[in-house]
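Whatever order the structure lists ligands and atoms in, that order sets their numbers, starting from 1.
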Amino acid sequence: MVNFQNLKTYESSGIVQHYAQLQQLQPAEAAILTQLKDQLPTMTMLDMGVGGGRTTQHFAKLAADYRGIDYSSGMISACQKRFASSIDPNSFTVCDARDMSCFADNTFDFILFSFNGIDYIEHCDRIQVLQEIQRVGKPGGYFCFSTHNLQGMEQVFNWRSHLSYNPINTYIELVIWSLHRVFNRSYSLQQLQSSAHAMIRDEPHNFRLRTYHIRPQEQLIQLASGFKNIKVYSWNQGIELSPKDLSSNTDMWLYYLCNIQ
Ligand SMILES: C[S@@+](CC[C@H](N)C(=O)[O-])C[C@H]1O[C@@H](n2cnc3c(N)ncnc32)[C@H](O)[C@@H]1O
């Protein structure tokens with residue numbers, strides 16, 4: 001079932017405006033663009049959860065064919081307006097990732113779900129979305145997405161990790177810690193530590209969004225049935241992480257690049 005609170009947040013004009021002015025690729029996205037650059041001119045690309053078109057301006061001009069979808073009609077209108085002079089407005093469609101029946105099987109060579117867009121979907125729907133991606137993607141095609149790291153959130157939930165010798169920093173950090181605790185009363189630190197994934201209200205957009213967080217090792221298991229050659233990248237350094245480092249990684253989110261089976 002759709003999370004209406006998340007959809008309402010992504011439909012609100014202030015949030016649409018926020019995403020419509022974003023420009024830069026994140027370092028992991030830039031690294032992945034560099035890897036795929038030579039192939040993009042022959043690729044059909046699907047940009048899922050396109051938001052206000054931050055990634056459009058980097059990818060659309062390179063791909064042979066570019067489509068952007070989002071379940072927020074406000075985001076799609078913002079993209080159509082932002083790229084009115086360069087991209088056919090029909091390239092942007094209101095579409096929920098859970099049901100991409102408007103696209104035939106084996107349509108796309110490259111599917112991107114950037115900036116944790118997949119995390120605003122509940123667990124059982126996430127599995128359905130991964131199956132939809134596998135269906136509309138060509139076998140051997142690429143899927144790239146980012147997702148929040150539960151191990152990063154564990155640090156946020158642990159008050160001890162917010163103590164420092166600077167009393168002002170400690171005060172600010174503990175206020176943020178207490179807000180996380182207030183907005184997530186149903187989760188204790190111990191519960192997070194024993195969970196493979198969890199829906200958490202986190203700080204961006206003033207705790208309005210319920211956001212999926214998952215352990216990297218668990219994400220690899222989730223992908224195993226439909227995807228292969230999975231690589232994991234630090235979002236802010238753009239470097240590929242080795243599998244042995246994943247269980248101790250505490251980045252707030254990570255990028256994944258894989259091939260569709
Ligand atoms: C964090 S924003 C990122 C926007 C854009 N990709 C960017 O990087 O700036 C997440 C986006 O995913 C979209 N989204 C969330 N759930 C979705 C779903 N079930 N189907 C399609 N889009 C969805 C939201 O509307 C929002 O635009």
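The minimum heavy-atom distance linking R201 with F207 is given by the pair NH1-O, 3.2 Å.
Among the candidates Q23, Q24, E29, the single residue satisfying the side-chain hydrogen bond (donor to acceptor under 3.5 Å, both in side chains) test with R54 is E29.
Using a 30° and 60° split on the angle between ring planes, F110 and F59 fall in the tilted class, from 30° to 60°.
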Show me, pair by pair, the donor-acceptor contacts under 3.5 angstrom made by side chains of residues 15-22, not counting sequence neighbours?
| from | atom 1 | to | atom 2 | distance (Å) |
| --- | --- | --- | --- | --- |
| Y19 | OH | H205 | NE2 | 2.8 |
| Q21 | NE2 | H18 | O | 2.6 |

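Residues meeting the ring-ring contact (aromatic ring centres under 6.0 Å, His included) test with H148, sequence neighbours left out: H213, W253. Legend: residues meeting side chain to side chain donor-acceptor pair (under 3.5 Å) with D65, ordered by chain and number and at least two apart, are absent.
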Can you list every pair where an N/O of ligand 1 is under 3.5 Å from an N/O on the protein?
| from | atom 1 | to | atom 2 | distance (Å) |
| --- | --- | --- | --- | --- |
| ligand 1 | 6 (N) | G49 | O | 2.7 |
| ligand 1 | 6 (N) | S114 | OG | 3.0 |
| ligand 1 | 8 (O) | R54 | NE | 3.0 |
| ligand 1 | 8 (O) | R54 | NH2 | 2.8 |
| ligand 1 | 8 (O) | S114 | OG | 3.2 |
| ligand 1 | 9 (O) | R54 | NE | 3.2 |
| ligand 1 | 19 (N) | D96 | OD1 | 3.0 |
| ligand 1 | 20 (N) | A97 | N | 2.9 |
| ligand 1 | 22 (N) | Y71 | N | 3.3 |
| ligand 1 | 25 (O) | D70 | OD1 | 2.6 |
| ligand 1 | 27 (O) | D70 | OD2 | 2.7 |

